[in-house]
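Naming convention: chains lettered A, B, ... in sequence-line order (proteins, then strands); numbering from 1 in each chain. This one's a predicted model, so the numbers in the text were calculated from it and none came from an experiment.
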Amino acid sequence: MTDDAPEHIADELLAWFDRHGRHDLPWQHPRTAYRVWVAEIMLQQTQVATVIDYFNAFMARFPDVHALAAAEADDVMAHWAGLGYYARARNLHAAARRLVAEYDGRFPRSVESLMALPGIGRSTAGAIVAQAFGVWAPILDGNAKRVIARLAAIEATPGTAAYDKPLWRLAERYTPETRITDYTQAIMDLGATLCTRRNPQCAACPLADRCLSYRRSLQHRIPAPRRRSARAQRETTMLVVADEAGRVLLEKRPPAGIWGGLWSLPEKPAERDLHAFCRERFGIEVRDAGALEPMRHAFTHFELLIHARRVQLRGTARIMEGEFEWFARDARPGLPAPVARLLDAPQQTLNL
DNA sequence: AAGCCGGGGGG
DNA sequence: CCCCCAGGCTT
């Protein structure tokens with residue numbers, strides 16, 4: 001299947017990149033290892049257009065690896081709120097501290113060393129050494145996978161070893177010895193701008209004449225669609241507990257799991273009585289102020305139906321330490337997007 | 001090898 | 001509504 005795949009693509013790809021590639025992304029100027037690393041982590045499963053504002057704000061607050069390592073975890077999480085995949089932020093922070101402790105803040109230049117850091121796999125490690133240091137290394141992000149799968153007419157289903165294994169072998173074959181930084185950017189740019197998932201612009205592609213999919217008119221069928229399974233439904237009840245001053249009680253979620261490490265609204269088990277639960281969990285007496293409009297939130301593998309209930313504190317707010325805290329409206333930490341939407345809904349803003 | 005993690009954008 | 005996106009970690 002891949003034996004008749006093209007042998008070389010770098011020359012044509014680089015010539016195209018010089019004229020049509022992306023040369024003004026924020027992490028390209030200046031292109032330090034720290035900036036490339038942070039960008040690569042943010043760009044995992046997240047589109048460029050979404051990342052740019054987060055990246056610039058992150059760099060303004062944490063300009064180098066020492067600043068990031070010295071920061072509080074909450075501060076890092078707050079700058080990630082809304083980006084999703086919060087394990088990325090926890091890993092980024094942990095890796096920054098290890099880089100400072102073990103490497104004096106200087107990035108190692110080998111794929112193997114970088115892969116030993118949390119959150120950095122083979123493709124991200126390759127992108128960092130290629131882009132920051134000009135070291136030869138293949139990458140295989142979503143763009144490169146699609147470009148190479150089409151070039152070699154890989155018909156296996158994405159997400160399987162039958163798909164990934166030949167792609168890594170071909171990624172190694174195509175990665176040139178020279179202009180490694182530009183090549184890495186070029187194959188991603190081709191995938192992002194011409195060799196797109198739908199409606200690939202083959203007429204403008206510098207590799208069309210050697211692309212097996214194009215020559216066989218398979219470019220619309222490769223990559224094959226992923227198998228999709230029915231999305232499970234889940235429900236939860238969240239409490240909007242407000243005190244007299246309009247502050248809201250938030251809970252820091254455990255590090256693992258959904259929204260790990262983020263502040264959010266406390267959840268009440270469905271079977272628990274509201275008053276008993278608040279008494280035992282928070283040590284407060286409350287008045288039930290009624291249900292809010294349920295909110296749906298779609299995750300990749302399930303859909304969450306959030307039943308929110310407004311609860312008024314009776315008496316004085318206790319000072320709480322640790323996993324629960326009272327937050328004034330303008331002092332809220334970063335929240336998961338649906339929780340932020342819930343608190344910002346018109347029915348909420350009236351009395352909070 | 002397969003399942004899991006979050007939110008946004010585009011068709 | 002559907003699918004995918006500069007993937008990696010866990011089991």
Side-chain angles (χ1 to χ4, degrees), chain A residues 21-22 25-28 35-55 77 80-92 94-95 114-128 130-132 137-147 156-165 167-168 171 184-193 195-199 220 223-232 234 253 255-262 264 296-304 306 334-341:
Chain A
R22 296 180 290 191
L25 296 167
W27 41 92
Q28 295 174 326
R35 291 166 61 87
V36 169
W37 169 52
V38 172
E40 288 297 328
I41 302 302
M42 287 187 171
L43 287 160
Q44 289 171 359
Q45 303 300 95
T46 308
Q47 296 177 2
V48 170
T50 303
V51 162
I52 288 176
D53 287 346
Y54 280 90
F55 177 83
M77 297 308 292
W80 211 271
L83 257 188
Y85 278 98
Y86 298 96
R88 294 183 296 175
R90 288 199 307 279
N91 288 335
L92 191 78
L114 288 169
M115 284 181 69
L117 297 170
I120 302 181
R122 186 178 177 190
S123 186
T124 298
I128 293 170
Q131 298 217 341
I139 62 154
L140 198 58
D141 72 311
N143 289 306
K145 281 185 178 179
R146 189 173 53 255
V147 168
T157 302
T160 66
Y163 184 70
D164 283 352
K165 203 172 172 187
L167 290 182
W168 270 113
T184 300
Q185 188 64 47
I187 195 164
M188 291 192 286
D189 287 357
L190 189 77
T193 61
C195 195
T196 49
R197 184 68 181 84
R198 273 181 301 265
N199 301 322
H220 296 286
R226 291 171 180 273
R227 290 186 287 270
R228 62 168 184 266
S229 50
R231 198 148 56 187
R234 295 190 204 169
R253 299 183 61 91
I258 297 168
W259 302 329
L262 244 63
S264 183
R296 278 183 195 288
H297 182 67
F299 292 83
T300 306
H301 297 287
F302 64 94
E303 186 176 86
L304 188 64
I306 302 172
L335 297 171
V339 175
R341 279 201 302 277

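As rounded to whole Å, 15 Å separates atom P of B/dG8 from atom CE of A/M42. Distance, A/Q47 CD to B/dG10 C1': 8 Å, rounded to whole Å. Separating the CZ atom of A/R146 from the C1' atom of C/dC4 is a distance of 9 Å, rounded to the nearest angstrom. Rounded to a whole Å, the CG atom of A/L43 is 15 Å from the C1' atom of B/dG6. Between A/R341 atom CZ and B/dG7 atom P there is a gap of 8 Å when expressed in whole angstrom units. Per the geometry, CG belonging to A/N91 stands 12 Å off C1' belonging to B/dC5, to the nearest Å. Atom CZ of A/R122 and atom C1' of C/dC9 are 17 Å apart (whole Å). Taking atom CG of A/D53 as the reference point, atom C1' of B/dG9 lies 15 Å away to the nearest angstrom.
Between A/S123 and A/E40 there is no side-chain heavy-atom pair separated by less than 4.5 Å. Using a 4.5 Å heavy-atom cutoff, the side chains of A/I41 and A/T124 are in contact. The side-chain heavy atoms of A/K145 and A/D164, taken from C-beta on, include a pair separated by under 4.5 Å.
Nucleic acid contact class of A/L140 (heavy atoms, under 4.0 Å, all strands): none. Among the protein residues, A/G191 comes within range of no part of the nucleic acid, since none of its heavy atoms lies under 4.0 Å from any strand. Across all strands shown, A/A127 has no heavy atoms under 4.0 Å from either base or sugar-phosphate atoms. The residue A/I128 sits apart from the nucleic acid: no heavy atom pair falls under 4.0 Å. Contacts of A/T124 with the nucleic acid, taken as non-hydrogen atoms under 4.0 Å apart, involve only primed sugar atoms and P, OP1 or OP2. Across all strands, A/I139 comes closer than 4.0 Å to no nucleic acid atom at all (heavy-atom distances). Contacts of A/Q185 with the nucleic acid, taken as non-hydrogen atoms under 4.0 Å apart, include base atoms. Residue A/W27 is classed as a base contact, given a heavy-atom separation below 4.0 Å to a base.
Judged by closest nucleotide on DNA chain B, A/L83 is the one of A/L83 and A/R198 placed further toward the 5' end. A residue-by-residue look at A/N199 and A/R90 shows that A/R90 has its nearest nucleotide of DNA chain B further toward the 5' end.
For A/S123, the listed nucleotide lying nearest its side chain is C/dG7; candidates were C/dG7, C/dA6, B/dA2. For A/E40, the side-chain atoms get nearest to C/dA6 when compared with the rest of C/dA6, B/dG7, C/dC5. Closest to the A/R197 side chain, of the nucleotides C/dG7, C/dC5, C/dA6, is C/dC5. In this structure, of B/dG6, C/dA6, B/dA1, it is B/dG6 that holds the atom nearest to the side chain of A/I258. Distance from the side chain of A/R234 is smallest for B/dC5 among the nucleotides C/dC9, B/dC5, B/dG7.
For the P atoms, the distance from B/dG6 to C/dT11 is 15 Å, rounded to whole Å. Comparing the same atom, C1', in B/dG3 and in C/dA6 gives a spacing of 22 Å after rounding to whole Å.
Here the closest heavy-atom approach between residue A/R88 and residue A/L83 is recorded as NH2-O, 3.3 Å. The two residues A/Y85 and A/W80 make their nearest non-hydrogen contact at O-NE1, 3.8 Å. Looking at every heavy atom in both residues, A/R234 comes nearest to A/I258 through NH1-CD1, 4.0 Å.
Side-chain atoms of A/R35 never come within 3.5 Å of backbone atoms of A/F55 as a donor-acceptor pair (strictly under, hydrogens ignored).
The side chain of A/H297 contributes an N or O atom lying less than 4.0 Å from OP1 or OP2 of B/dG7. In terms of phosphate contacts, A/Y85 brings no side-chain nitrogen or oxygen within less than 4.0 Å of OP1 or OP2 of B/dC4. For C/dG7, one of the phosphate oxygens OP1 or OP2 lies less than 4.0 angstrom from a side-chain nitrogen or oxygen of A/Q45.
Nucleotide B/dG6 forms a pair with no other nucleotide shown, judged by Watson-Crick or G-U wobble geometry with both contacts under 3.5 Å.
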